[in-house]
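What follows is a short report on a single structure.
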Amino acid sequence: MGTVQSLVSVFLAAILTENYVLSKFLGICPFLGVSKKVNTALGMSCAVTFVMVLATAVTWPIYTGILVPNNLAYLQTIVFILVIAGLVQLVEIALKKYMPPLYNSLGIYLPLITTNCAVLGVTMLVLEKAAADVTYGYGHALVNAFGAGIGFLVAMVMFAGVRQRLETCDIPKSLKGLPITLVAASLTSLSFLGFSGLVEGLMG
Amino acid sequence: MNSNMYVSASPHLRSGISTTSIMRDVVIALLPSVVAGSIIFGVRALLIVALTVASCVVSEYISRKVMKRNNTIGDLSAVVTGVLLGLNYPVGINPVMAVFGGVVAIVVVKQMFGGIGQNFVNPALAARIILLVSFPTDMTTWASPFYYTQGAVDAVTSATPLAQNAAGTFSGSYLDLFLGNVGGCIGETCALAILVGGIYLIARKVISPIIPVTYIATVFVLAFVMGQDPLFHVLSGGVMLGAFFMATDYTTSPITSKGKVIFAMGCGLMTMLIRVYANLPEGVSFSIVLMNILVPHIENLTRPKAFGEIKKKIKGDK
Amino acid sequence: MKNVSLTFPVRPFSTRGGAKVPHRKNTAAMETVVMPAPKEVIIPMSQHIGAPCNVIVRPGDHVDVGQSIGENDSFVTAPIHASVSGTVKKIIDLKMPNGSKVKAVVIESDGKMTKSPYAVPPAAETKEQLLLAIKRSGLVGLGGAGFPAHVKLSIPQDKKIDTLIINGAECEPYITSDHREILENSWDILSGIKIVKDLLNVHRVIIGIESNKPDAIKVLSQIADNEAADPDDEVRILTLKSSYPQGAEKVLIRACTGRKVPAGKLPADVGCVVMNVTSVAFIAKYLKTGIPLVSKRITVDGSAIKEPKNVIVPLGTPIKDVIEFCGGYKCEPKKILMGGPMMGIALTDDSMPVLKQNNAILAFDEKDAKLAEETDCIRCGKCLKSCPMSLMPEAIAGCVKLKDVKGLEKLNVMTCMECGSCAFNCPAHKHLVQTIREGKAMVRAEAMKKAEEQKKEEAKKNEQ
Amino acid sequence: MEKKSLFKEFSKGIIKENPVLCLVLGTCPTLAVTTSASNAIGMGVAATAVLVCSNMVISLLRKVIPGKVRIPAYITIIAGFVTIVQMLVQAFAPAINDSLGIYLPLIVVNCIILGRAEMFASKNKVIPSMLDGLGMGVGFTAAMLLMGMIRELFGAGSLFGIPILSNFMSPVIAFILPPGGFFVFGMLIALANKLNGGKGKAPEEVGCAGCPMKNRCQNIKDGCKTKEGEA
Amino acid sequence: MNEILIAVLIVAAMGLIIGLILAVASVIMAVPKDEKAEAVLEVLPGANCGACGYSGCSGYAKALAHGEAQPGLCSPGGEECVKAIAKVLGVEAGAIERKTAVVKCDGTGENSPLKMEYQGITTCAAAAALHGGTKNCSYGCIGFGDCVNVCEYDAIAVEDNVARINPAKCKSCGMCVKTCPKHLISIVPLKKQAVVMCSNCDKGAAATAACRTACIACMKCAKTCPVGAIKIENLHAVVNPQLCTGCGECAKVCPKNCIGMMQ
Amino acid sequence: MKNSRLKEILIPTVSLFVICLCVTALLAVTNAVTKDAIAYQQELSAAESRQAVCPDAVDFEKVEYDVQGVECYKALDESGNLIGYAISSASRGYGGDVKVMTGVNAEDGSVIAINVYDNSGETPGLGVNTSGEKFTSQFAGLSSGTGVTVDKDAGKNPDSVAVDSVTGATISSRAVTNAVNQAFEAYNAVKEG
Ligand SMILES: Cc1cc2nc3c(=O)[nH]c(=O)nc-3n(C[C@H](O)[C@H](O)[C@H](O)COP(=O)(O)O)c2cc1C
Ligand SMILES: Cc1cc2nc3c(=O)[nH]c(=O)nc-3n(C[C@H](O)[C@H](O)[C@H](O)COP(=O)(O)O)c2cc1C
Ligand SMILES: Cc1cc2nc3c(=O)[nH]c(=O)nc-3n(C[C@H](O)[C@H](O)[C@H](O)COP(=O)(O)O)c2cc1C
Ligand SMILES: Cc1cc2nc3c(=O)[nH]c(=O)nc-3n(C[C@H](O)[C@H](O)[C@H](O)CO)c2cc1C
Ligand code: SF4
Ligand code: SF4
Ligand code: SF4
Ligand code: SF4
Ligand code: FES
């Protein structure tokens with residue numbers, strides 16, 4: 001596999017077969033909470049994608065450059081979460097100051113992202129992958145993070161449509177609200193099972 | 001003038017078409033496939049279809065009762081779901097699983113969302129996929145056609161043309177495929193019977209030809225582009241059944257004409273991608289269910305321009 | 001003398017959607033009969049779009065046929081005239097089908113039908129005189145909308161009208177009153193057209209008639225081809241596909257000219273004026289006789305009517321009496337309609353009077369009256385396919401359910417003309433038009449709220 | 001009196017304010033690691049340990065930590081405990097570490113923990129805070145165990161790895177696949193709603209009641225509606 | 001030991017940096033937050049019903065915090081809410097007057113029979129557009145329960161074709177008042193008082209024809225009322241609850257028996 | 001004014017700093033305590049799976065072998081004699097890599113046993129069954145000279161020995177045979193003599 005091809009494959013896999021929400025169960029809270037409207041779903045996913053890439057971009061060098069050489073891999077969790085929390089806050093503040101329109105459309109989602117497992121998850125999972133595969137480098141990690149974000153976006157936007165449909169349905173009273181949303185999510189993730197092996201097959 | 005008049009808003013005249021009459025047409029259109037399935041796979045096929053129909057109808061009846069809602073089995077939609085689900089099983093399926101599938105289709109996929117017209121994925125297909133992932137062995141053990149004439153009591157297994165194709169061992173002819181003389185689900189093998197039913201539906205204006213034609217054309221073209229045998233792909237593995245009966249399900253396909261085209265093209269694309277590249281040889285079910293999920297977006301994007309509509313932006317919309 | 005340069009080709013443009021309604025034109029071949037004066041007429045002061053009239057007679061007053069009994073000074077209104085001669089008995093509050101209360105004059109007929117001495121042919125030399133005359137005639141759109149004709153014909157300076165479309169589509173089932181008008185009054189129609197054409201100064205007149213009225217098409221063609229009637233060769237008969245709602249203004253304009261009236265605009269914005277055949281015929285008659293709009297040809301039909309026919313009735317005659325004139329009920333009526341089955345209004349009993357814009361009274365037995373039970377929408381898309389306005393009734397219904405006004409606006413709910421094609425075709429028998437009306441009401445309420453808020457804000461600003 | 005209310009702090013987390021089924025917090029681990037009963041217990045215990053310890057420490061420090069760095073400070077403390085638990089598990093129960101995988105360190109971002117820190121520990125004394133943590137932890141574990149058992153029983157035909165149903169029928173594998181997770185979770189929430197009866201409205205939205213970001217997300221009008229529920 | 005030191009150093013340095021960033025940033029870009037308003041918002045019920053007359057709870061909270069509004073306006077919150085607001089704002093809790101909504105119609109199936117067999121969507125708004133409603137009286141309650149659907153507190157039930165409000169449950173939020181297409185609902189103080197259970201605007205004979213218990217505007221009640229609390233508006237009697245003492249004299253004289261006494 | 005501003009910045013910073021300090025110290029200490037145990041555990045699990053395929057060995061020694069994803073160990077008995085090789089390899093299965101440890105007898109190059117030690121990506125109840133005894137026991141005794149294949153592919157690889165695949169999980173079974181074939185290659189490359 002050439003580099004470009006492997007990057008594409010990493011990207012597609014992150015969207016389809018390893019979809020963070022629908023197959024890996026990461027970032028379920030915003031998936032269920034902010035997917036009511038397509039607009040909010042889009043905003044949230046864009047913010048998540050941005051933070052995912054940024055966080056990976058920062059944590060990867062910290063991990064490989066500082067923690068591992070000093071035998072401090074065990075500090076991964078604490079360092080990563082601190083970095084993410086700080087980054088998110090910084091981005092929020094910067095947006096508010098310098099790009100108010102962008103802040104108004106995306107910034108409001110940022111505080112929610114600190115406690116989003118998908119972001120921390122992606123920074124850790126790319127390292128896990130790198131450990132298993134020596135050809136997997138910084139570039140892959142970034143592409144993977146971006147793909148994970150786009151996968152999140154795809155799932156969110158798809159699901160926002162479903163929820164729009166649900167609004168007008170006569171759902172039995174005891175299932176109204178979250179339960180039916182979860183059943184709908186169940187059917188949505190069901191459809192993603194069909195992708196298994198697709199990316200490997202496509203990329204040879 | 002002793003009693004009160006009926007008062008209603010206009011119009012006071014209605015066409016004779018009702019949900020029941022539409023569903024009745026679909027059932028009629030499915031009969032050739034049921035007959036073909038029974039000829040190819042024996043009486044057991046007929047029994048399986050009957051079983052799923054019963055399971056669906058009873059599930060519908062009970063779930064409506066439990067939810068304290070009006071009885072809707074009269075609209076025959078549960079029968080359609082039942083027949084289609086039955087046609088989507090391999091003939092050797094364990095009857096308990098067949099019944100389980102019916103319950104899942106009606107209760108989980110349809111009634112939990114409010115009943116007819118409100119489910120967002122195709123009940124028969126979703127149930128089929130759930131069964132497929134739950135009992136992959138049973139659901140992929142295919143009987144060879146006319147096994148019962150060879151004196152075998154149990155279904156003699158054979159692979160589907162698609163699996164054979166993947167393994168490079170398919171040896172049948174197009175005629176076999178067209179007439180259904182191959183392994184596969186009860187209703188998917190005989191393209192002829194499906195075509196007869198499909199044409200009946202189109203002639204009766206129950207379905208518009210947009211979806212089936214676009215779907216099949218997309219599969220044909222993509223197969224060609226991917227270097228596969230286009231005719232083989234169209235005739236094998238449920239594309240025909242899916243295109244005429246499942247992708248056209250009113251509830252789970254777009255109602256706009258442009259939307260129908262996009263939907264069917266999406267189905268075709270997904271089908272071929274999954275067939276050719278993914279682990280499962282089975283693309284039709286997944287592709288239709290996937291596209292079902294996208295229907296609200298497709299509809300939003302393809303809303304026809306109203307008569308004399310002037311392009312304008314309503315502030316803060318979306 | 002045919003003016004060749006002005007000849008124009010006509011062919012129907014295709015229109016979309018609609019419903020394959022049954023024709024049931026049972027009365028098409030029956031000669032119209034004139035109903036004698038009823039004992040009593042009830043004449044409401046609002047039989048048009050616009051300001052209601054004020055009663056200008058008092059109980060005990062004697063009135064003659066054609067005497068004005070209701071007037072209003074505003075522009076958008078139409079005077080109301082007595083339709084029988086006799087004594088004003090009382091003035092009552094009449095409940096109209098839309099729930100509103102309207103003043104109505106009850107006149108006890110003396111049976112003589114004496115013509116009012118003031119009802120003489122008006123002066124109509126100049127444009128202004130003609131428009132005033134039309135206003136005085138009390139003419140409102142007889143195609144059903146009841147829009148005052150003089151308002152419609154007063155084209156603002158900035159609008160250029162090039163086509164006059166005469167609506168003879170008569171697309172609703174049962175109704176044949178326009179059909180009979182064409183057959184029995186064809187010369188009036190042509191002279192009416194000439195008057196209106198000259199008034200508007202247009203050189204292109206298209207008479208649209210559905211293909212299910214071949215005799216009407218033939219009759220009018222013969223006259224139109226007659227040099228005497230149409231010396232400038234500017235009148236064309238256009239045979240329209242007979243499909244509901246071919247007669248609806250916007251659909252008709254599209255079918256005749258290929259033009260689309262933009263949403264929220266009027267026919268005049270695309271250079272057209274549409275008038276019903278009976279409306280133009282009336283103008284010609286009025287200019288000849290001076291008798292204002294006091295009677296109307298209506299089709300009486302339906303499964304509960306003994307002798308369906310077309311009747312010319314004095315306005316204000318209670319429906320009961322009209323039906324009696326048609327032999328009464330064949331069986332217990334379970335639904336009485338004012339107007340056709342697609343757009344008509346269902347009444348609670350048969351005491352309502354006949355109004356100007358009425359063109360039919362239909363009464364049905366239990367079987368025809370009862371609508372099938374509404375079931376859940378199956379998203380078949382038939383409503384969308386049948387809507388001539390390309391709307392999405394199913395989606396509109398969803399927004400109504402959610403009270404989503406923004407969504408309704410996005411779906412152009414206000415464009416709906418309530419033709420009922422969608423509901424006719426819906427296999428789930430959804431009451432789509434009623435739902436859409438609710439949606440329209442929501443949009444209107446929201447707009448009103450916004451306007452009010454704006455007003456308040458402005459007031460606040462002014463205070464400061 | 002005192003004792004009773006202390007007991008209440010403990011018990012509310014188990015049923016009435018069950019973090020998973022009533023407050024709907026920490027959905028990711030709930031869905032991801034409940035493919036078997038033993039995984040569920042492992043996760044539950046680990047999270048409980050973190051919950052109790054962090055609640056204790058945060059409660060102790062509640063007067064010292066300045067508001068501005070509250071959240072980072074809490075997260076640091078929580079992350080510390082998570083890492084400790086992770087190391088202990090790796091050292092002494094490697095099997096659990098393998099099966100929980102990444103979800104073990106992800107306890108850091110489990111909303112239950114930050115949520116309790118923000119909503120309870122930062123406002124209450126040490127003992128109630130610990131009890132609150134314990135109660136919530138037990139509730140979390142119980143709910144996870146329930147889900148794990150259901151999914152394992154139907155999806156694999158076994159319980160704690162011991163074959164039970166699989167002798168009679170083929171398991172419905174869908175239960176242990178992601179769709180099964182969503183489905184069982186949905187059904188359990190519906191059930192909890194029903195059992196809780198009229199008391200407290202059904203959670204219409206995800207975990208807002210106990211969400212630490214509650215106040216900050218009021219901006220997202222359509223998405224995360226702040227519903228004053230149980231908390 | 002060395003390792004431990006490095007670890008501590010690295011993380012502590014990060015803590016320092018992040019803390020610094022946050023603290024500096026929050027100082028530089030501090031957005032003045034309306035702490036008081038937020039505190040008030042916390043104690044409001046969050047129903048966003050608008051009963052207070054502001055645009056939702058947050059609007060009211062802002063007004064309260066700025067001293068522009070009185071604590072007693074939130075009906076759904078009730079007494080507890082007033083107390084809580086008072087506590088937050090540090091002011092005296094004014095007494096809140098309990099109110100309730102009433103449906104001014106008694107057109108039950110018996111009193112005002114149906115005038116049609118209605119076939120259509122079962123919302124009051126839709127039915128009102130057809131002959132003013134399904135009953136003989138075109139001013140009365142249609143009974144399809146549009147009000148029931150908007151009541152968040154489950155306080156309304158339709159009994160025998162007329163909506164009835166349970167004062168014990170009603171929080172006087174006013175949603176039903178806004179919703180009723182026949183404008184039959186009004187909010188009155190919850191006290192002993194007379195309520196005219198009719199809104200018919202027809203003259204006597206027509207009113208009687210429409211409903212057995214319709215107000216015919218005979219003025220008897222108005223004349224009888226010792227405090228002058230009753231006036232005739234639009235051909236039916238209307239009680240001014242502020243003046244009504246609940247003596248019940250009017251109810252005794254009403255020939256149509258359309259005045260009810262609220263306990 | 002200035003002062004209070006400085007304070008506003010300083011106090012939070014310092015307190016976060018102190019918290020980080022304490023927490024990390026605590027972590028570092030814990031790490032020091034558990035480090036060895038963790039390393040031991042990790043070593044143990046690898047050793048266990050090697051032991052499983054070479055039950056008679058008492059010691060293992062890593063062999064240089066330069067193929068990505070394949071690790072090769074010499075299995076030694078008490079006296080340090082080479083009795084076999086434990087080779088780990090991996091191949092793509094249904095949902096991820098299937099990792100297999102193959103024990104090969106040094107004498108005749110036959111398989112002692114195989115151990116599918118990681119197939120967590122496969123579907124429970126299907127692909128996961130490839131780690132079951134029923135499937136793996138078929139490999140014992142196979143010769144590393146010939147390849148191995150699943151029954152379905154027997155037609156394509158006539159030179160290989162066919163094993164029965166797990167029902168409904170041909171893909172996973174194929175992954176195992178592929179991995180074992182990799183191990184064979186490794187064995188043939190590193191075997192002495
Ligand atoms: C409020 C209102 C204003 C109108 N103004 C004009 C006008 O200025 N000029 C005109 O030609 N028609 C006018 N019309 C008439 C309409 O174009 C149309 O002929 C009438 O509404 C009946 O059409 P319909 O039966 O298709 O609804 C008006 C109609 C309404 C309701
Ligand atoms: C659905 C629909 C159908 C109509 N059908 C007819 C019709 O068949 N004949 C007719 O004269 N007007 C019909 N109209 C009314 C016309 O739109 C228009 O108002 C009329 O032709 C204008 O002429 P008038 O002002 O002389 O009535 C219909 C309107 C609607 C909305
Ligand atoms: C949800 C799902 C999960 C599956 N998991 C596996 C698996 O883990 N391993 C495998 O070999 N096949 C798996 N399959 C089956 C394959 O897709 C394919 O049908 C099968 O390998 C065909 O093999 P057979 O020829 O042995 O029946 C799965 C199928 C589905 C639908
Ligand atoms: C043309 C047509 C196709 C249908 N196809 C399906 C189908 O594929 N699966 C199914 O469960 N029901 C099908 N139905 C029945 C029914 O519409 C379906 O159960 C709805 O999804 C129930 O809401 C079909 C109905 C029609 C009219
Ligand atoms: S939506 Fe309106 S315009 Fe369209 S078909 Fe229905 S009633 Fe006619
Ligand atoms: S025609 Fe009726 S059933 Fe069909 S989509 Fe429209 S509303 Fe639904
Ligand atoms: S009170 Fe008004 S809204 Fe309520 S049921 Fe009666 S008419 Fe409908
Ligand atoms: S009855 Fe009316 S005022 Fe009272 S709570 Fe319900 S909606 Fe609000
Ligand atoms: S637990 Fe909330 S996002 Fe994962």
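Reckoned from all heavy atoms, side chains included, excluding hydrogens, waters and symmetry mates. Letters A, B, ... are given to chains in the order of the sequence lines, protein chains preceding strands, and every chain is numbered from 1.
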Worksheet item: Atom CZ in A/Phe192, atom CG in D/Leu177: separation rounded to 0.5 Å?
Response: 15.5 Å

Practice prompt. Under 4.5 Å heavy-atom distance to chain A, tell me which part of D/Gln86 shows up: side chain, backbone, both or neither.
Written response: side chain

Worksheet item: How long is the gap from CG on D/Leu106 to CG on A/Leu26, to the nearest 0.5 Å?
Response: 6.0 Å

Response to the item:
Ranked by heavy-atom pairs below 4.5 Å to chain A, first place among D/Ala190, D/Pro178, D/Gly180 goes to D/Pro178

Discussion item. Around atom CZ of A/Phe50, are there more than 12 heavy atoms from other residues, nucleotides or ligands closer than 6.0 Å?
Written reply: no

Fill in: Student check: side-chain heavy atoms of A/Leu187 and D/Pro179 closer than 4.5 Å
no

Response to the item:
Tightest non-hydrogen contact, residues A/Cys117 and D/Cys28, listed as SG-SG, 3.2 Å

Worksheet item: Do A/Leu82 and D/Ile75 come within less than 4.5 Å of each other through their side chains, counting heavy atoms only?
Response: no

Worksheet item: Considering all heavy atoms of both residues, which atom of A/Lys24 and which atom of D/Ala32 are nearest to each other, and what is their separation?
Response: O-CB, 4.4 Å

Discussion item. How about CZ on A/Phe146, more than 12 heavy atoms from neighbouring residues, nucleotides or ligands closer than 6.0 Å, or not?
Written reply: no

Item to complete: With the side chain counted from C-beta on, respond yes when A/Leu182 and D/Met187 share a heavy-atom pair under 4.5 Å apart, and no when they do not.
Response: no

Item to complete: Among the options D/Thr30, D/Thr83, D/Ile102, pick out the one with the most heavy-atom pairs lying under 4.5 Å from chain A.
Response: D/Ile102

Fill in: Toward chain D, the part of A/Leu125 with a non-hydrogen atom under 4.5 Å
both

Discussion item. Determine whether the aromatic ring centres of residues A/Phe25 and D/Phe182 are separated by less than 6.0 angstrom.
Written reply: yes

Worksheet entry | Contacting moiety of A/Ile78, where chain D heavy atoms sit under 4.5 Å | both

Worksheet item: Given side chains that start at C-beta, do those of D/Asn193 and A/Leu178 come closer than 4.5 Å, heavy atoms only?
Response: no

Fill in: Among the listed options A/Ser174, A/Ala160, A/Ser191, the residue most often paired with chain D at heavy-atom distances under 4.5 Å
A/Ser174

Worksheet, complete the sentence: For D/Pro105 and A/Leu120 the tightest heavy-atom approach is O-CD2, 4.4 Å

